[in-house]
Structures are given as C-alpha cells and as structure tokens.
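Read the structure below first, then the notes.
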Amino acid sequence: MASAAAWVTGMAAQLAITVPGQAQPPADPSADPGAKKAFIDDLISRMTVDEKVGQLRLISIGPEMPIAQLEDEIAAGRIGASFNTVVRRDNRPLQEAAVKRSRLKIPLFFAYDIVHGHRTAFPIPLGLASSFDMAAIERMARVSALEACADGVDMTFAPMVDIGHDPRWGRVSEGFGEDPYLASECARASVHGFQGSGVNRPDTIMAAVKHFALYGAVEGGRDYNTVDMSPLRMHQVYLPPYRAAIDAGAGGVMVALNSINGVPATANTWLLQDLLRKQWGFRGITISDHGAITELMKHGVARDAREAAKLAIKAGIDLSMADKVYLAELPGLVASGEITMAELDARVREVLGVKYDLGLFADPFLRMGSPADDPVDDKADNRLHRRPAREVARETIVLLGNRNRTLPLKKAGTILLTGPLAESGLDILGSWSAQAVAKLAVTLRAGIETAVEGKARVLTARGCNITDNPKVVDYLNYLNWDTPEVVQDPRAPEVMIAEAVELAAQADVVIAAVGETRGMSHESSSRVDIDLPGSQRALLKALKATGKPLVVVLMNGRPLAIDWEKDNADALLETWYTGTEGGNAIADVLFGDHNPSAKLPISFPRSVGQIPIYYNHLRIGRPLTEGKPGNYTSQYFEEQNGPLYPFGFGLSYSRFSLSSLKLSASRISYGQSLTAEATLTNEGPYEGANVVQLYISESYASVARPVKELKGFQKVTLKPGESRVVRFEIGEEQLKFVNAELREVVESGQFSVQLGLDSHEVLEQSFELAEALEHADQNQKSPG
Ligand code: BGC
C-alpha cells in the first residue's frame with residue numbers, strides 16, 4: 001500500500017495535468033482562502049453530475065451496505081463520507097478505495113457520534129452541564145478528539161445543544177439542560193475542545209452541532225414529534241446555543257428531524273438559508289439526520305422521493321445521511337432543470353470545503369496514520385484516559401440532600417450496597433457512549449470497594465430489578481442494542497427485597513443505586529411517568545424502614561419526580577451517568593475525597609403534571625401569591641407551585657454563604673455598565689467550590705420578559721474559613737433581549753440583579769437604566 005505521502009504526490013501530479021501550476025493544498029487552509037476556492041472550483045469543474053451527487057452521500061456501514069459493496073461504491077465515486085466506521089483497520093481500506101480507485105481521488109471523511117467521549121466515556125452532557133465548569137467540558141472534548149483521531153475519525157456529530165424543558169423526552173440526557181446561557185457556554189467549550197486551534201490537524205476533529213433546530217421542544221416530550229413555537233421564544237431561548245457553537249467555529253450543523261411551525265427542518269429554507277447562512281454567516285456543512293430526507297414523505301410535505309430530494313437540496317441540505325433519495329433522484333432533477341447545476345454545485349462545494357478544511361486533500365490519512373502504528377488491540381485499557389474522566393466526573397455529581405451530615409461516609413464499618421444499578425458497567429456509561437466498553441467501566445461497586453479496601457466491609461445485594469414491568473424491559477432490549485441491555489434477576493421482588501433488608505441489619509449504612517437504565521434516557525425513549533419505577537421505590541421504602549442511614553445514589557438521564565426520596569433519603573446524590581470512571585468518581589464524593597460542587601442545569605418537577613417547568617418562565621398576569629392559594633392565580637390545586645429542586649441547585653459538604661450584594665451604581669444610561677459584587681464565604685469544615693450565579697430581570701418591557709435569566713456564573717474554590725468577593729460586569733450584553741419585531745434591543749427601566757448559589761435563594765438589588773437607545777440587530781427576522 002502506498003504511504004500517505006506518496007498519495008499526496010500522486011494527487012498533486014494528477015492535478016498538475018488538468019490545471020497547470022495547481023499546487024498541493026496548503027496544510028493550513030485558513031492561510032489562503034483564495035487557494036481553497038481555486039482548488040475547489042477546479043475540482044468541481046472536472047466532476048460529473050454523478051460524482052457530485054456521490055459527494056453528498058453519507059453512509060453508515062451496516063447490514064444494508066456490507067463492506068465490500070461499500071468499497072466498490074466509494075471507488076465508483078458514489079459516497080462522500082462514512083459514519084460508524086471507527087477503527088483504523090476499517091477506515092483505511094475505505095479511504096484507499098476513495099483515493100486510489102475513484103476517478104477523482106477525492107478523500108472521504110469519517111464521522112461518528114462522539115457526544116461525551118470516544119473510548120473513554122465522560123459523564124453525559126446533562127452531567128457535564130451540572131459541573132458549571134467550562135474547562136472540564138473543554139477537557140472532555142479535547143480528550144475525545146485525541147481518542148477519535150487515534151481511530152481515524154474526522155468529525156463528531158456533537159455537541160448536542162437542544163434546550164430541554166420536558167424531562168419526558170429521553171434526549172434531555174444528551175443536551176446541556178434548560179438554560180440558553182449555560183447551554184451556549186457549554187456549546188462553546190465543547191467546540192473549542194473538539195476543534196482545538198484548527199481542524200486541519202492530526203489531533204483535532206470537526207464538531208457538527210445538532211439538532212438544528214428546536215428538537216428539544218417536541219410536543220409532549222414525545223420523540224420525533226412536531227415543534228410549534230413562537231419566533232420570540234425561538235430567538236430568546238432555543239436558538240442561542242446553536243449560534244454559540246457556530247460562532248465558536250463549528251464546521252458542521254446536523255439538521256433536526258422535527259418540523260418547525262409546520263415545515264420540516266430538512267426542507268426549511270428559512271432555517272437553513274435565511275437564518276443559518278445569511279444571518280448567522282455559517283460557512284460549513286449541513287447534514288440531514290438519519291433518513292430525514294426520505295421522511296419528508298412521511299411528514300406529508302413531499303409527494304414522492306423525487307420531491308423529497310428536491311425540497312431538501314433546495315432548502316440547503318448538503319449531506320444526506322443514510323438516505324438513498326439524493327443518489328436516486330438528483331441526477332434526474334438536474335437533467336430536467338428542476339435543480340440547476342449551480343444549486344447542486346453549491347451543496348458539493350460545502351462538502352469539499354469541509355474536506356479541505358479537515359486537511360484531507362493534503363493528507364487523506366492525516367488522522368489514521370500508517371498501518372504500522374495501528375493499535376494491536378483497539379479496546380485496550382491503555383488507550384483510555386482514566387484520570388481526566390474521573391476528575392471531570394467528580395465535578396458533575398450533584399448533592400441534593402444530606403441530613404445530619406450523613407455524607408461524607410467514613411471508610412470504616414460495614415456498608416450495604418444495593419440497587420439494580422450498583423454493579424452495572426453498561427448503564428454508568430450513559431447513552432451514546434461511542435466506543436466505551438462496559439467491562440472497562442468502573443462500576444459503583446468496584447469504585448466503593450477500591451475506596452474502602454482494607455478499611456471497611458462491603459456487603460451487596462441486588463435488591464430489585466430496574467422495573468417489574470416486562471413490557472418496558474422488552475422495549476428497552478428491543479430498542480437500542482445488539483445484545484440485551486436489561487437482564488432481569490429471575491427471583492421474586494419480595495425475595496430480593498428481603499435479602500437486602502436482612503443484610504441492612506448488619507450494616508452501618510446503606511447505599512442504594514437506583515434510577516434508569518441508560519436506554520431509558522435515550523433517543524426514542526420518551527416516558528409518560530418520570531417517577532422511579534415501582535420496584536425501586538419499594539426497595540427504598542423497605543430499606544428506610546430498617547432505620548439504617550440511607551444514601552440514595554441516582555443514575556438517570558433526565559429529571560425524575562423524586563419527592564419521596566427527597567423526604568426520606570438521608571443523603572441524595574444525583575450522579576447522572578458518570579462514564580468509564582464513574583464508580584471511582586462517585587466513591588470520591590461518597591467518602592469525601594472530593595467535595596461536591598455541581599448544580600442542576602435543569603429543574604426537577606414535583607410531578608409529571610408540572611411539565612414543562614423551567615425557572616426562566618415569562619411573567620404572567622395572575623402569578624401565584626405565595627401563601628394565598630385559590631385566589632384565581634396560576635397554579636395546580638393539588639400541588640405547590642415551583643419545582644422540587646430548582647435550576648442551579650446543589651449542595652456542598654461545606655456551608656457556603658453569600659452576602660453583601662452591592663451594585664456600583666443605582667442608575668446608569670445606555671452604553672454604561674455597572675458592577676455587581678457579593679462575598680462568598682466557606683463557613684464549613686471542608687475546602688470546596690461553589691457556583692455563584694448572576695440572574696437579571698427587567699420589571700417591565702415592551703414584551704413580557706422572564707422572571708429572571710442567568711447571565712453569568714463563576715465557580716469559586718475556597719478553603720475552610722476563606723472568603724472571596726465575586727464580581728460581575730453588567731452592560732448591554734446582559735440587558736439585551738429580543739423584542740416583538742425580533743430585534744435585539746436594550747430598553748430603559750428597572751432591573752433586578754440577583755446573585756445566588758441557586759436560582760431560587762438569591763440576594764437582590766435593583767438599578768435603573770435611565771435611557772436606552774434601541775440597539776437593534778437588523779439581521780433578526782421572523783421565520784418565513
Ligand atoms: C440521531 C442523531 C445521530 C444520528 C447518527 C440519529 O438517529 O438523531 O443524533 O447523530 O442518528 O448516529
């Protein structure tokens with residue numbers, strides 16, 4: 001096999017024949033944008049229609065496309081990129097088919113869903129957002145990129161930045177929660193981590209942000225359902241995180257499966273052209289989601305496959321994922337003139353541009369390297385990054401309750417570990433765990449046993465199954481995976497509970513790991529009920545009745561309605577799915593080797609009936625007056641208003657106080673800014689971090705505004721007894737909003753500034769903005 005260098009020479013020579021003087025593409029594509037254009041113009045001028053259409057196809061290896069057929073298709077110039085092939089040995093022959101056997105020798109790129117780690121699973125994104133630690137998120141993405149490159153992968157379908165207001169939707173696990181500011185920060189950190197200082201390097205990958213747009217707002221939380229949303233809410237809440245990822249340089253955008261106000265995103269010209277390209281200036285590649293172009297027929301907007309292809313390409317879908325309709329229909333559409341050559345070329349140009357930016361024309365084997373360097377064992381433990389995974393995971397664990405200082409536990413005495421998730425290496429990885437391997441994951445049991453080795457005795461009992469509902473088990477096993485994910489203990493529920501209760505009698509403390517299997521918080525895993533399944537609640541109740549201190553360790557990918565656990569657990573830890581090093585990270589927190597500092601990025605409802613529930617809701621005409629129910633105000637009469645746990649909430653083993661909020665001015669004019677400051681003090685016995693959160697609200701404006709909005713946060717680590725003044729600058733950026741004409745404005749009025757350690761308990765001061773020129777972003781326009 002020729003080396004990469006030899007291929008490059010061959011490519012340059014070939015180009016030299018057709019375009020005299022054509023140079024090899026520069027290693028740094030940003031160095032000379034003119035060169036990129038000339039290179040791509042030349043290539044396009046030499047492509048047949050079939051070759052152009054081939055570049056728009058993104059194919060997953062699978063039963064419908066065996067490897068030999070895939071290679072032939074690539075050699076025939078009928079495939080532009082591949083996803084789900086993730087080891088060098090699989091990718092290399094595909095790339096060779098492209099660069100040696102195809103007529104124009106255009107390289108492929110390889111993509112994959114690297115959402116929270118590639119070989120090493122980091123915590124799921126909802127957990128990552130809980131860290132409020134952007135350096136931790138960037139680190140996750142950086143490590144993921146290194147591991148992906150080592151496998152020859154060039155692009156990830158991440159970050160997933162869909163705002164989630166509805167925990168029934170299983171995919172809230174993949175996003176960064178309910179808040180546009182926090183999600184935007186997380187989006188930026190992810191893109192920086194994946195893409196590093198440029199995507200043409202052997203150790204960086206391109207980020208394709210998804211799912212554009214508004215997928216998190218599917219009606220009723222039912223996956224793939226429609227989205228109907230006011231333009232105001234779109235611009236104010238749902239669109240900012242995509243924009244943040246794009247502004248951070250994300251090279252790709254994956255288009256959502258849902259429709260938006262009646263027009264499927266895949267056929268939505270307003271979304272993909274007016275907003276994305278014209279207003280936001282996006283210059284990268286758009287990718288349809290899996291089979292989404294064909295689904296335009298099911299949406300009922302395309303009569304047949306031909307029309308589906310036409311709608312998608314006209315709207316601006318570059319790459320068609322796992323769809324045959326571009327291949328089958330575009331040549332005919334071009335021949336008939338329904339699609340102009342210019343329209344086709346525009347889409348092809350984006351795909352070639354991304355390959356150029358990825359450095360693949362300069363070296364198609366840039367990331368996969370030479371066969372001599374291929375790992376002997378792709379799944380070897382020494383290919384993992386355990387230390388960063390553990391350090392990041394510890395930052396994502398939220399302490400929800402801790403009565404009588406139950407935690408941290410002593411490494412002494414006897415501990416009973418029970419619950420259906422205590423020994424699962426698979427579930428702790430979370431969904432979309434890429435190439436992470438369950439048997440290399442540290443289970444909670446392994447983490448605890450290592451932590452207390454030689455110091456305490458650990459007893460174990462399964463306690464219960466994840467659910468006693470066979471239909472749910474069947475669904476989960478059928479849904480996602482090659483092998484059954486949920487393996488039921490055949491014993492009767494009473495027998496399992498009795499065993500756990502008996503062992504509890506011998507223990508000083510009981511730790512129960514309960515929640516959801518990873519498949520329960522996944523694509524196509526929407527729930528009508530977000531309680532803990534009955535089998536698990538029954539176990540907890542029986543354990544509580546023993547009178548032993550009960551530590552509940554939750555593993556789940558969505559907010560759960562855990563009012564019973566709130567009232568009854570002696571300590572409650574929300575660990576989400578912590579990844580490959582999860583068991584060690586949770587043990588670090590349980591035994592006080594790490595003081596928890598994470599905060600909820602999404603509100604926890606008291607019951608499913610409160611959904612949608614989010615802290616930054618708009619003001620209304622009849623808000624509830626606390627303590628005055630039943631007076632024609634907005635409420636459910638069986639339930640108190642407000643969440644079980646608010647956005648931004650999370651405890652520490654130390655006691656933190658925030659005091660002395662001061663504003664540097666009580667009145668400013670437009671163009672001026674002011675400072676808000678408060679003193680954070682660690683009054684407790686442990687060193688620890690806390691997140692000071694800045695919320696702002698305007699008492700009146702030209703449109704109803706949220707009761708408060710997060711506009712900044714700082715995570716501060718303090719030693720016992722230490723204090724620090726935390727300052728935030730408040731100016732146009734923090735005060736602007738989108739008005740009824742969809743223009744960004746700052747309006748004069750009274751603003752409340754709130755600093756808190758969660759969104760609920762805050763210190764508050766106000767100031768007046770005396771004059772405000774309307775500051776308009778003329779680019780904002782309503783969806784057409
Ligand atoms: C999901 C995407 C994912 C794609 C490729 C789809 O089913 O919606 O998030 O990137 O599959 O795996």
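Remember, it's a predicted structure, so these values are computed and weren't measured experimentally. Note: hydrogens, waters and symmetry copies are ignored here, and every other heavy atom, side chains too, is used. One-based numbering, in listed order, for ligands and for the atoms of each.
Atom 9 (O) of ligand 1 has its closest protein heavy atom at H211 NE2, 2.7 Å. Looking from atom 4 (C) of ligand 1 to the surrounding protein, the closest heavy atom is D289 OD1, 3.4 Å. Protein heavy atom closest to atom 10 (O) of ligand 1, with residue, atom name and distance, is D113 OD1, 2.5 Å.
At least one heavy atom of F83 sits less than 4.0 Å from an atom of ligand 1.
For ligand 1, the atoms sitting less than 4.0 Å from at least one non-hydrogen atom of R171 are 1 (C), 2 (C), 8 (O), 9 (O), numbered in the order shown with element in parentheses. Near F157, the atoms of ligand 1 lying under 4.0 angstrom from a non-hydrogen atom of the residue are 10 (O). Set against the non-hydrogen atoms of K210, the atoms of ligand 1 under 4.0 Å away are 2 (C), 3 (C), 9 (O), 10 (O).
We find that D318 and R347 are joined by a salt bridge, their nearest charged nitrogen and carboxylate oxygen being less than 4.0 Å apart. The pair D377-K379 does not count as a salt bridge, with every side-chain nitrogen at least 4.0 angstrom from each carboxylate oxygen. Between E350 and R277 there is a salt bridge, since a side-chain N of the basic residue sits under 4.0 Å from a carboxylate O of the acidic one.
Within the 6.0 Å centre-distance limit, the rings of H165 and Y238 are counted as a close aromatic pair. If you look at F212 and W280, their ring centroids are closer than 6.0 Å.
In terms of polar-atom proximity, E174 is not counted as a contact of ligand 1, lacking any N or O under 3.5 Å from an N or O of the ligand.
Considering L272, N268, L56 as possible partners of I317, the one that fulfils the side-chain contact (heavy atoms from CB on, under 4.5 Å) test is L272.
Counting heavy-atom neighbours within 6.0 Å of R306 CZ, excluding the residue itself, gives a total above 12.
When non-hydrogen atoms are compared, ligand 1 lies under 4.0 Å from the side chain of M254 (C-beta onward) but not from its backbone.
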